[in-house]
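Following: one structure in structure tokens, then a few remarks.
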Protein chains: 2
Amino acid sequence: MASHRSSMGDPTRTLELLWRDSLPVKAQRGPKQALTVTAVVAAAVALADAEGLDAVTMRALAGKLGIAPMALYTYVPGRAELIDVMLDTLYAGMARRKPKGRDWRSRLEAVAHDNRALFHEHPWLAEVSTTRPPLGPGQLAKYEYELQALEGEGLDDVEQDAALMFVLGFVESSARAAADQRAARLESQMSDGAWWEANAPLLTRMFDPERYPIASRVGSAAGAAHGAAYNPDHAYAFGLERILDGLSVLMERPRTPRAPARKTARKRGG
Amino acid sequence: MASHRSSMGDPTRTLELLWRDSLPVKAQRGPKQALTVTAVVAAAVALADAEGLDAVTMRALAGKLGIAPMALYTYVPGRAELIDVMLDTLYAGMARRKPKGRDWRSRLEAVAHDNRALFHEHPWLAEVSTTRPPLGPGQLAKYEYELQALEGEGLDDVEQDAALMFVLGFVESSARAAADQRAARLESQMSDGAWWEANAPLLTRMFDPERYPIASRVGSAAGAAHGAAYNPDHAYAFGLERILDGLSVLMERPRTPRAPARKTARKRGG
DNA sequence: TGCAACTCCGTACGGCGTACGTAGATTGGG
DNA sequence: CCCAATCTACGTACGCCGTACGGAGTTGCA
């Protein structure tokens, strides 16, 4: 249950699953299937939304669908592949509003916010990797859409890819931090305040301000400002601002007369 | 096995474990323990280094230590707490070379590199959260040390904390991406090249360059430049540069005459 | 000396993903 | 039209996991 994501066994099988709608139906000899892969995935997403990814066990999912646990394996090769498809399905469903943005900065900000919203809607996403998602139709469409935000702004192709991955990685990272905090709070059954109250005796004894002067000062200030040891919203806002500033340095660098940045055309991968 | 990290049950118990060395020994009535918590944790770290975090099962760890599985529970309340202590132990052991850095930029770069090195030495770290680590002595010392890199550079206390978390989050995020790629490669038993070759027929049929012009161009260029769909080292180098640029915008902003940034002094947390 | 407190650990429970084999439904080919 | 091939559905079982529980042995203090 610890490592999600697939690419196990026959890797082509996962791809066929992801692209199932664009693939020619293969001749079926036996009885028709009672459900569809899409229905199974939808149920899995609903279950994960409601109770978290750990609740998506093959047995529980089968129960929700009214079939026997092992019947799931006629739709999906295993749990890891199921999660792959869940992820790509979510990507495929993301709203792609016209990149209305005036400047690249607000366009990229919108991309970040959209991704953040996805994590907010489906908190279990923080538990899967997403950085190197399976090459499904959803992921591909998302990649194309999001690259538009950076198109024609003086970055070469490699930089465009790197910049997008950079932003997406940040959003994932902050979403994960937020999810961690939420989980810790739920698990420990107590508010940040209660936790602090319970552990203050021990901690104040250990936390020697003379030995840790900066940590003491900065930690106190941050705690006071956020009302907690960590504030995901503030961290996101702060980080995104820094990231956009950092990218703007790259954008506004003196540029060569600039023949289109197209580089070699070898197919991706290798 | 999916959610690591603790704070379950009695939260004070975890703290007592973390600070065990600074705490007064409590009178022991029964027989002496054959091992120490520190030895157990060291064995667990060694096992995780060698075979990954999933290999650190209570049974396997007990086997390595020559004790019965259930005997572990006399040292540690459970697996989650064990992982907490493993993490803090690693933090405590990080080399803290004098912040020799001339300017804040190279100091912060060194902090990032040190953290990256830790992820490199202990790849299983990518599987635990680390963003909100337990408040142990290692974490505290690390926090103090790393804050030094940002001290006296015109950031107020809240910004100092946010900036550090921002950098550390990035390092974790890129380490995780690298680990994901490594895991995928191991699992699928094939190189990136072999994977591509096996799946090219299906993918080239799906990947319509007219429908996805930017993805096609940028993806190809990135793949060609990196020799793979993703290059963790390049992503790290690119991201860190952007981050430092972004922070420099913050540092070099016009500053108020600047009374020391010390804010309210309420204890952290709340 | 007695007993409370502690360590160690054997057994067992309830969970998980899924390998394997079978029974029954469906359908294309002769 | 029939039947062999092929597919779905699924019951059972295996080998993992973390850990609750209670008993047996050991120690230090009253």
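Keep in mind it's a predicted model, so treat the numbers as computed, not measured. Values below: every heavy atom of this structure, side chains too, minus hydrogens, waters and symmetry copies.
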Exercise. Is the Tyr236(A) ring parallel, tilted or perpendicular to the Phe170(A) ring (thresholds 30°, 60°)?
Worked result: parallel
For this session: Return the minimal non-hydrogen interatomic distance between Met206(A) and Ser22(B), and the atom names on each side.
Result: SD-CB, 3.8 Å
For this session: Identify whether the distance between the nearest side-chain nitrogen and carboxylate oxygen of Asp88(B) and Lys142(B) falls below 4.0 Å.
Result: no
Seminar exercise, completed: The residue among Val76(B), Leu72(B), Val41(B) that forms side-chain contact (heavy atoms from CB on, under 4.5 Å) with Leu61(B) is Leu72(B)
For this session: Tell me which nucleotide among dA20(D), dA9(D), dT18(C) gets nearest to the side chain of Gln33(A).
Result: dA9(D)
For this session: Please round to 10 degrees the angle between the axis of the first five pairs and the axis of the last five pairs in the helix from dT1(C)-dA30(D) to dG30(C)-dC1(D).
Result: 10°
For this session: Taking only the side-chain heavy atoms of Tyr73(A) (C-beta and beyond), determine which of dC6(C), dG17(C), dG18(D) contains the nearest atom.
Result: dG17(C)
Exercise. Can a side chain N or O of Arg59(B) be found less than 4.0 Å away from OP1 or OP2 on dC17(D)?
Worked result: yes
Exercise. Within the structure, does a side-chain N or O atom of Arg29(A) lie under 4.0 Å from either OP1 or OP2 of dT26(C)?
Worked result: no
Exercise. Would Thr38(A) and Arg20(A) count as having a side-chain donor-acceptor pair, cut-off 3.5 Å?
Worked result: yes
Exercise. What nucleotide, of dC10(D), dT19(D), dC8(C), holds the atom closest to the side chain of Ala71(A)?
Worked result: dC10(D)
Problem set entry | Distance below 4.0 Å between Tyr75(A) side-chain N/O and dA9(D) OP1 or OP2 | yes
